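Chain letters run A, B, ... following the sequence lines, proteins first, then strands; residues in each count from 1. None of the values given here were measured: they were computed from a predicted structure.
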Amino acid sequence: MMEQIWRLEPKIRFRRVFDEGVLIHQDRAEVMVINEVGLTFLELCDGQRSVAQIIHRMKPQYAVSENELVRDIRSFVAELADEGILLSGEAVQR
Amino acid sequence: MSFHRLMASARERNHLVSVLLELTYQCNLKCQFCYNDLNLAGKRLTPEHYRRLLDDLVQMGTLSVSFTGGEPLIYPHFYEVASYARDKGFSITVKSNALPLNRRNAERLKREVDPWQIETSLHGACAKTHDRQTLQNGSFKRLIGNIRTLRSLGMRVKINSALTRYNEHEVEAMLALADELDCPIQFDPVITPRDNGDTGPVQLTASPAGIENMYRLTIQHAMRAAEKTRAQQEKTLTVNVVGKNASFEQSPNRDPDRNPDPKSDHGQAIQTGRRLKNCGAGSTNLAIDPFGNVYPCVQFRRLVGNLHEHSIDRIWNHAEALKAIRELAFTARDQALANGMENYCMGTAELVTGDALSIHPQAKLNDRLFKRAKKDRGKDRTFESAS
């Protein structure tokens with residue numbers, strides 16, 4: 001997971017609105033709101049950086065331990081992947 | 001934060017969420033109630049203008065773009081502009097009479113634009129009524145066939161219907177037809193003068209009994225639909241990210257202005273007396289005509305800028321006319337509340353009465369009819385149309 005590269009599913013529409021992220025799932029007709037931490041992660045999730053690299057970039061911005069950040073981001077990525085919102089690098093290449 | 005609360009915040013803090021682009025006023029139909037001013041002239045926006053506009057809107061965090069007209073699919077650069085918008089990550093709505101959307105064009109639209117939704121117009125439950133309003137024989141048959149094609153391709157279609165004295169007696173059949181097509185349908189009882197002030201279309205306004213009947217039937221229909229989908233609507237998944245909640249929720253069908261959730265920003269504002277805006281015109285929305293004229297809303301045609309002169313970012317952040325409209329929206333909301341309403345259309349008010357703060361009689365009547373229908377949850381229907 002930590003070394004994997006992720007990117008948004010192409011059918012997801014994504015915008016920053018103030019400090020929140022809005023994700024629109026075209027196929028499922030769902031609108032999702034992501035908090036500022038999730039928003040920062042997704043803005044850095046460009047199909048180039050691994051999860052570990054993104055966390056490294058995020059860490060100075062948050063007053064939490066690295067372990068806590070890693071735990072929450074892992075859970076966040078797993079949840080988005082289950083929802084089909086994030087695709088792993090391997091899945092993208094297929 | 002829920003999506004509705006975020007959008008309420010966007011309205012309060014002036015975040016441009018949605019832009020409607022009128023690509024052309026040309027149309028393959030001649031609907032009797034069309035509001036477009038077909039004589040409007042000017043220097044047309046080019047595809048390059050649209051690309052620059054869409055680039056700016058990405059930077060401004062705009063979520064959605066709607067393409068309309070006239071008939072937007074007639075605009076010769078439609079696919080060039082709309083697919084650029086798709087590539088830029090906008091949620092796209094195409095407002096079309098659907099007549100050009102035969103299978104070949106529908107497949108191309110899905111492939112190149114991939115819209116969130118296609119909004120189309122149904123003017124009756126049968127060819128006789130529909131074609132009477134579009135003034136084109138065969139338009140009903142083509143529309144229904146093309147909606148079926150769009151649905152077979154998995155595309156989302158929403159049906160809009162202008163309620164008129166021609167179709168007010170067919171509401172029940174239109175609701176059934178929409179169900180059969182598996183499309184949501186929304187009726188609008190407000191027939192406005194044309195943008196050039198021509199009041200001819202207003203003659204088609206439905207009768208008060210017809211409007212109330214439409215409200216009753218749509219309330220009953222919505223209640224039946226809500227029962228069927230309640231379990232799905234309540235689907236909520238919550239993910240914790242560093243102690244905060246990121247909520248994923250299906251868009252509820254609740255209309256926040258007519259039926260405010262007491263926990264929502266809107267509902268709480270009502271309870272606490274906090275001032276809200278009447279609507280998102282000029283605060284979350286803009287409309288842009290084929291000549292680059294920028295308006296706060298498709299129905300509120302007060303010019304706030306022109307893209308040939310200034311960028312959208314500059315207009316949004318610096319146009320004095322837009323600032324005035326945002327202030328007006330607070331006053332209009334107070335005006336609505338003073339009249340026992342939650343909101344009203346400032347644009348129609350200005351067009352009909354010359355004053356955006358003067359709620360016109362048809363809006364007051366419609367509000368009264370809606371509340372009466374809502375009070376008894378759509379029951380007690382007795383309606384016979386003379387049309």
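Considering all non-hydrogen atoms of both residues, B:Phe3 and A:Val22 come closest at CE1-CG1, 3.8 Å. Between B:Ser9 and A:Phe18 the shortest heavy-atom distance is OG-CE1, 3.8 Å. Minimum heavy-atom separation, A:Gln26 to B:Asp114: NE2-O, 2.9 Å. Counting all heavy atoms, side chain and backbone alike, A:Ile24 lies closest to B:Ser91 at CD1-CB, 3.8 Å.
With A:Arg15 contributing its side chain and B:Thr62 its backbone, the two residues share a donor-acceptor pair below 3.5 Å.
Contacts from residues 150-161 of chain B to chain A, taken as heavy-atom pairs separated by less than 4.5 Å, involve B:Arg156 in sequence order.
Counting heavy atoms of neighbouring residues, nucleotides and ligands inside a 6.0 Å radius, atom CD of A:Glu66 does not exceed 12 of them. No more than 12 heavy atoms of other residues, nucleotides or ligands lie within 6.0 Å of NE2 in A:His56, so this atom counts as exposed by the packing criterion. Surrounding CZ of A:Arg71 are more than 12 heavy atoms belonging to other residues, nucleotides or ligands, all under 6.0 Å away.
With respect to chain A, the highest number of heavy-atom pairs below 4.5 Å among B:Met60, B:Arg13, B:Gln117 belongs to B:Arg13.
A heavy-atom distance below 4.5 Å is found between the side chains of B:Arg86 and A:Arg13.
Residue pairs that meet the salt bridge (Lys or Arg N to Asp or Glu O under 4.0 Å) test with at least one member in residues 39-48 of chain A, sequence neighbours left out, are A:Arg16-A:Glu43, A:Asp46-A:Arg49.
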